[in-house]
Every structure is written in C-alpha cells, then in structure tokens.
Protein chains: 2
Amino acid sequence: MLTIGSLGKKTGTKVQTIRYYEQIGLMPEPGRTEGGQRRYGDAEVDRLSFIRHARQLGFPLEAIRELLDLSDNPDRSCHEADSIARRQLKQVELRMDRLKALRTELKRMIHECSGGNTADCKVLEVLRDHSECLTDHNEIGA
Amino acid sequence: MLTIGSLGKKTGTKVQTIRYYEQIGLMPEPGRTEGGQRRYGDAEVDRLSFIRHARQLGFPLEAIRELLDLSDNPDRSCHEADSIARRQLKQVELRMDRLKALRTELKRMIHECSGGNTADCKVLEVLRDHSECLTDHNEIGA
DNA sequence: GCTTGAACCTCTAGCAACTAGAACATTTAG
DNA sequence: CTAAATGTTCTAGTTGCTAGAGGTTCAAGC
C-alpha cells in the first residue's frame, strides 16, 4: 500500500495534482487509514500512469476521461479511442502550423532589428502595422 | 468617437476583452458619455491593434505591457524590444519541438490501430505502457 | 512509551487570458 | 416615444493545475 507521496513519486505527479484528479472524478476515492490518510494499490498506479502519459501527449482531461472509460470496457469498439486520438493529432497539427507561421514572422522581425532606439525599432514597427506581415499567423485560441 | 462595440469590431476584439484590458491597465481609461458609456479615439484603436497583433504572435500580456512601454518612449534602446522578441521566438521553437515529438507518437499510435474492440486497441495500449514510446514527448507545461 | 519531524489532511485562493451571464441603464432609429 | 440594440457593473466560470494556511497523523529513534 502506497501513500499519496510515494504514488506521486512513482508516477511523476505532484501530490496536489493527485488530489485534484480525485476531486474531479478522474481518480477514484482511495481507501483510507484509521487516521484518514489515503492509501493506494497497483490499480491506482496504473490508472495514474495512464492519465499522466495521456497528458504528456497533450490530451485534455475530458478526452482522458473518455479514454479511461473505454479502457474500463474492453468489449467496446476501438473506434472511439481511435477517433479521440485522431482528434488530438488534428489539434497538434493545427497548433504546429500556427507556430510555424509565428516563427517565420518573429524571425523576420528580429532579423531586421538594427539596434538603434525604439523610434525606429523594427520589432515595434511590425507590431504597430500588421500589413507588414507576410504570413497569416494567429496564435490566439491555440 | 467610437463606442466599445465598434472599437471591438475594428480590431477584432470582444467587448469583454477590451474591458478586461482596461481593468488590468493595458488599455487606458477612456472618456465617457454623460450616461457613462466609454468612447474611444484613434490612439486607442492603434494601441488595441498593437496589443491584438502581439497576442496573435503569442506574446504574453506582461511582455506586451513592456513592449507598449518601450513604444511609448521612443528614445529608449531598441535592444529591450529585440530581446523580448527573441525570448518569444525561443518559446515558439521550444513548443514546436515538443509538438513534433507528440505528432510522431500520435501518428504511430493511430497508424497501428487495427479497429477491433478496446481489449486490443493500440491507442489504449500505448497510453498504458509508456515504454512503447519512441520519442521523448512531454507537452505538460508547454 | 514518547517525542520529533516529515508527510499527510482540508480548504481557499491564485495563475493566464479571457468568456459568459445576470440585472440593469443608455442610446439611437423609426 | 417606444423598442431594440448596445452599453454598464459585478460575479463566476473556463483549464489544469499550484501554493499556502493551519492543523493532524505516521513512523522512526531514543
């Protein structure tokens, strides 16, 4: 039986985060000692590892909730899990495209900075006048 | 003189967002009508456009605050604006690297999904066992 | 058995950058 | 003059945690 601290160490998760996952129903309410401290078993280690791994891959918690649900029902179709993963891939690709445009613009901005005073600073100039931009960048909402 | 709604339309900003920027001191307190409604002039259009454009390039509001400050003082060195932009570029490149690793892993996951039931779903399997991963992906904190 | 210190407990509030809604006031066009 | 559109303030919600206050429990050493 593991304390919350050792579970955290085993899975690379902060203690607060584990309690947060419990609060939002992503982790089950574990058993407690007489004194009221949480104690975890192997199933919880697996579940938390799953969650953390999915988070590292950028899945939002709601998607992870669905994936856990699918994982708990081995007879359901794999199709749903597949489509969640595809959705996530789309998100990642969308964000990559946006970042690519941003990088282009930022590089151009910096490249042309001559180093005088701000009156003729290229960085500020570009920010002042969007029409100087070549790419269609929009990071807001990414 | 523009109402807050027309300023929003002109700059592609939601009304609430403009008020939020005012609240955190990024936009100045504008003049008001007798009835208490905000009215804006050209200077505010420029300032808000600057903010929005910087946001589109992913600059955090605190960086934008500094950039606006520099923009307001034309005799200060361009160097600071330049280094803020360079910092932003670093961030963008870091995030791109992470996303690249994520994409690789997600693609591999989906590619190998055979389409049966979840008992032998590759997506879930990969999430369960990190050791199946080839790349060092970590999107958390990105 | 007792003490001590690390780790645990709950609860609240904070982060970024907005967004949404309630409940009410003002402005403007017909 | 009325009605609709737009404005006002205030509060709370979003995502995914993180930090702190103030108190309790556990395990080890003596």
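Below, chain A is the first sequence line, B the second, and so on; all start at residue 1.
- Computed from coordinates, the B:Tyr20 OH to D:dT11 P distance equals 17 Å when rounded to whole Å.
- If you take CD of A:Glu22 and P of C:dC8, they are 14 Å apart, rounded to a whole angstrom.
- A salt bridge is defined here as a Lys NZ or Arg NE, NH1 or NH2 lying under 4.0 Å from an Asp or Glu carboxylate O, and A:Arg19 with A:Glu22 fails to meet this definition.
- Remark: B:Thr17 is in phosphate contact with C:dT19, judged by side-chain N or O atoms under 4.0 Å from OP1 or OP2.
- Contact between the side-chain N/O atoms of B:Arg52 and the OP1/OP2 oxygens of C:dC18 is found at a separation under 4.0 Å.
- The side chain of A:Gln37 lies closest to C:dC8, out of D:dG16, C:dC8, D:dT6.
- Across the interface with DNA chain C, nearest-nucleotide mapping of A:Gly5 and B:Pro60 shows A:Gly5 to be the residue nearer the 5′ end.
- Per the geometry, CD belonging to B:Gln23 stands 14 Å off P belonging to D:dA12, to the nearest Å.
- One finds no salt bridge joining B:Arg47 and B:Glu44 here, because no Lys/Arg side-chain nitrogen approaches an Asp/Glu carboxylate oxygen to under 4.0 Å.
- Side-chain N/O atoms of B:Thr3 include one lying less than 4.0 angstrom from OP1 or OP2 on D:dG7.
- Distances were taken from every side-chain heavy atom of A:Leu61 (C-beta onward) to each of D:dC26, C:dT26, D:dC17; the shortest belongs to D:dC17.
- Taking only side-chain nitrogens and oxygens, B:Arg32 never comes nearer than 4.0 Å to OP1 or OP2 of C:dA25.
- To the nearest angstrom, P of C:dC18 lies 11 Å from CD of B:Gln56.
- Picking from C:dT27, C:dG21, D:dC17 the nucleotide with the shortest atom distance to the side chain of B:Gln16 gives C:dG21.
- With rounding to whole Å, B:Lys14 atom NZ is found 16 Å from C:dA17 atom P.
- Look at OH on B:Tyr40: it is 12 Å from C1' on D:dT8, rounded to the nearest Å.
- Within 4.0 Å (heavy atoms only), B:Arg65 reaches no atom of the nucleic acid at all.
- The separation between A:Phe59 atom CZ and D:dG16 atom P is 13 Å, rounded to whole Å.
- Listed pair B:Arg19 / C:dA20 fails the phosphate criterion, with no side-chain N or O lying under 4.0 Å from OP1 or OP2.
- Among D:dT18, C:dC8, C:dT27, the nucleotide with an atom closest to any side-chain atom of A:Val15 is C:dC8.
- B:Tyr21 pairs by the side-chain hydrogen bond (donor to acceptor under 3.5 Å, both in side chains) definition with B:Arg52, not counting sequence neighbours.
- A salt bridge links B:Lys122 to B:Glu132: at least one charged side-chain nitrogen sits closer than 4.0 Å to a carboxylate oxygen.
- The phosphate of D:dC17 (OP1 or OP2) has a side-chain N or O of A:Arg55 nearer than 4.0 angstrom.
- Taking a cutoff of 4.0 Å between a charged side-chain nitrogen and a carboxylate oxygen, A:Arg86 and A:Asp82 qualify as a salt bridge.
- Comparing atom distances between the B:Arg38 side chain and each of C:dT10, D:dT8, C:dA17 picks out D:dT8 as nearest.
- At a threshold of 4.0 angstrom between heavy atoms, the contacts of A:Ile24 with the nucleic acid are absent.
- Between B:Tyr21 and C:dC18 there is a side-chain polar atom (N or O) within less than 4.0 angstrom of OP1 or OP2.
- Atom CG in A:Asn138 sits roughly 11 Å away from atom P in C:dC18 (whole-Å rounding).
- Electrostatic pairing of B:Lys90 and B:Glu93 does not count as a salt bridge here, judged by no charged N lying under 4.0 Å from a carboxylate O.
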